[in-house]
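Shown next, in structure tokens, is the structure this report addresses.
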Amino acid sequence: TPVTTNMDTLKKQVEKFAKSRKSEIETLTIREAYRKEFLGNVSHELKTPLFTVQGYILTLLDGAMNNKEILEKYLSRASKGVERLIYIIKDLDMITKLETGDLHLNYVNFDIVELIQSVFDLFEMKAAKKNILLAFDRRYTQPIMVHADKERIQQVVSNLIVNSIKYGKEDGTTEVGIEDLIRNKLIVRVTDNGEGIAQRHIPRLFERFYRVDKSGSRKEGGSGLGLAIVKHIIEAHHERIYVESDYHVGSEFSFTLEKVKKFPIVNVGTKTA
Ligand code: ADP
């Protein structure tokens, strides 16, 4: 009868609604837990450098500033702490934009060879401090044009190269290579012969704030967000990122990019009668 049909429909609708509310509530709870964990991590990350800066300032106010040498030393250390805070906040800003989808990708055609070279120039000094050689496979003397957000890809390359220096060993080598993949894809590889990563850490490596060695990473000035940012940027481009590592041997991080399609040159010659 129509009545039971209506009742059935109603019941089904109520069930469906309850179910959707349940999953909505579940999603909210997960999001809330996520948010709490994130905020917990953030305040923890900010605390360390803040306390350091405060420590130096308090010591100076306590009378240490009467000694010019100590004054200079402590001020420079405090300034390093502030620098680190700025660095962490920049990374936090970036990860928030990436995670909320507020980051608009600005696709352009650019030469990836030139971009890698410019990142090398940027970190030459940092590498030299550990006598690490930055080597670019110079089979690529010609420009290789890719289609992506140049600024964001520069950040990806920078983060990977900085990591290879931070976790690389003294007198080691960081090598960057480019290889053609299928169709119009290529792969950029950043390889180091540094401390490497034990297999059990690999699945969690790209999580924000995940570190293999917490104190080691903080000492190196890391925010723990570098690889999370890299992953987000690559995924926003619908590209792939890979990591291979052997503990105490070295690591290789690689990601794909889209090459600029080469259009065939059509010769529109004049017709000869
Ligand atoms: P961090 O700011 O700590 O460097 P990242 O997100 O960039 O944060 O990296 C996460 C962790 O992955 C690092 O703390 C480090 O333990 C490990 N890691 C990243 N790159 C390398 C590498 N090239 N060699 C060895 N370990 C690495």
Side-chain angles (χ1 to χ4, degrees), residues 1-50 85-107 147-149 151-153 155-156 159-160 163 181-185 187 197-214 217-218 222-245 253-258:
T1 64
V3 175
T4 45
T5 316
N6 278 346
M7 277 308 284
D8 277 351
T9 325
L10 196 65
K11 215 171 137 195
K12 268 193 195 129
Q13 273 173 356
V14 169
E15 266 166 16
K16 200 171 148 200
F17 177 72
K19 218 173 174 182
S20 81
R21 281 294 292 157
K22 193 171 165 243
S23 75
E24 222 173 86
I25 289 164
E26 268 167 10
T27 319
L28 280 177
T29 321
I30 293 169
R31 241 193 254 157
E32 181 64 9
Y34 199 64
R35 202 177 64 88
K36 272 194 188 137
E37 194 209 270
F38 183 62
L39 287 177
N41 281 327
V42 170
S43 51
H44 186 75
E45 289 307 320
L46 297 179
K47 241 186 254 166
T48 321
L50 269 175
L85 281 166
I86 294 172
Y87 175 80
I88 295 172
I89 286 165
K90 270 193 190 155
D91 274 2
L92 280 170
D93 201 37
M94 173 65 72
I95 200 98
T96 312
K97 280 192 180 134
L98 285 162
E99 289 190 357
T100 51
D102 276 353
L103 195 100
H104 167 78
L105 290 182
N106 180 26
Y107 278 89
H147 187 66
D149 184 319
E151 213 178 301
R152 298 281 93 85
I153 296 301
Q155 173 144 35
V156 167
N159 286 7
L160 295 181
N163 276 353
L181 281 183
I182 45 156
R183 288 196 292 275
N184 51 336
K185 293 279 179 195
I187 191 161
I197 304 152
Q199 217 52 39
R200 67 176 188 282
H201 295 292
I202 300 238
R204 301 198 58 193
L205 218 53
F206 293 93
E207 283 174 25
R208 47 185 196 199
F209 302 116
Y210 188 82
R211 293 159 163 129
V212 173
D213 168 12
K214 287 191 181 21
S217 156
R218 292 220 178 83
S223 66
L225 292 170
L227 286 180
I229 290 173
V230 163
K231 183 170 179 264
H232 273 296
I233 293 176
I234 294 301
E235 285 180 352
H237 279 83
H238 304 290
E239 299 292 348
R240 306 288 302 268
I241 173 125
Y242 307 93
V243 54
E244 264 178 56
S245 191
F253 288 82
S254 47
F255 62 93
T256 59
L257 279 178
E258 191 174 305

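Heavy atoms only: backbone and side chains are in, while hydrogens, waters and symmetry mates are out.
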> Does anything in residues 224-243 pair up under side-chain hydrogen bond (donor to acceptor under 3.5 Å, both in side chains), and if so which pairs, sequence neighbours excluded?
Replying inline: Glu99-His232, Lys185-Glu239, Glu239-Thr256
How long is the gap from [atom1] on [X] to [atom2] on [Y], to the nearest 0.5 Å?
| X | Y | atom1 | atom2 | answer |
| --- | --- | --- | --- | --- |
| Ile233 | Leu105 | CD1 | CG | 8.5 Å |
| Asp93 | Ile88 | CG | CD1 | 13.5 Å |
| Ile229 | Leu98 | CD1 | CG | 7.0 Å |
| Ile153 | Gln155 | CD1 | CD | 10.0 Å |
| Leu103 | Ile95 | CG | CD1 | 11.0 Å |
| Leu39 | His44 | CG | NE2 | 14.5 Å |

> Arg183: what forms a salt bridge (charged side-chain N to carboxylate O under 4.0 Å, His left out) with it, not counting sequence neighbours?
Replying inline: none
> Among all residues two or more places apart in sequence or in another chain, which pass the salt bridge (charged side-chain N to carboxylate O under 4.0 Å, His left out) test with Arg200?
Replying inline: none
>> Check this for me: Glu151, atom CD, are more than 12 non-hydrogen atoms of other residues, nucleotides or ligands nearer than 6.0 Å?
In response: no
For a 4.5 angstrom cut-off between non-hydrogen side-chain atoms, does [X] reach [Y]?
| X | Y | value |
| --- | --- | --- |
| Phe209 | Glu37 | no |
| Val156 | Arg152 | no |
| Asn41 | Arg208 | no |
| Val212 | Leu205 | yes |
| Val230 | Phe255 | no |
| Asn159 | Leu227 | no |

> Does Asp149 reach the main-chain N or O of Asn106 with its side chain, forming a donor-acceptor pair under 3.5 Å?
Replying inline: yes
> Quick check: does any side chain N or O of Arg211 sit under 3.5 Å from a backbone N or O of Ser223, one acting as donor and the other as acceptor?
Replying inline: yes
>> I'd like to know whether Leu92 forms a side chain to side chain contact (heavy atoms under 4.5 Å, CB included) with Phe38, so could you lay out the CA-CA distance, the side-chain angles of the two residues, the decisive distance to 0.1 Å, and finally the verdict.
In response: CA-CA 10 Å; Leu92 280 170; Phe38 183 62; 3.8 Å; yes
>> Check Lys12 with Asp8, please: is the shortest side-chain N to carboxylate O separation under 4.0 Å?
In response: no
> Aromatic rings Phe206 and Phe253: how do their planes relate, parallel, tilted or perpendicular, breaks at 30° and 60°?
Replying inline: perpendicular
> Which atom names give the shortest non-hydrogen contact between Ile241 and Ile234, and what distance separates them?
Replying inline: N-CG2, 4.0 Å
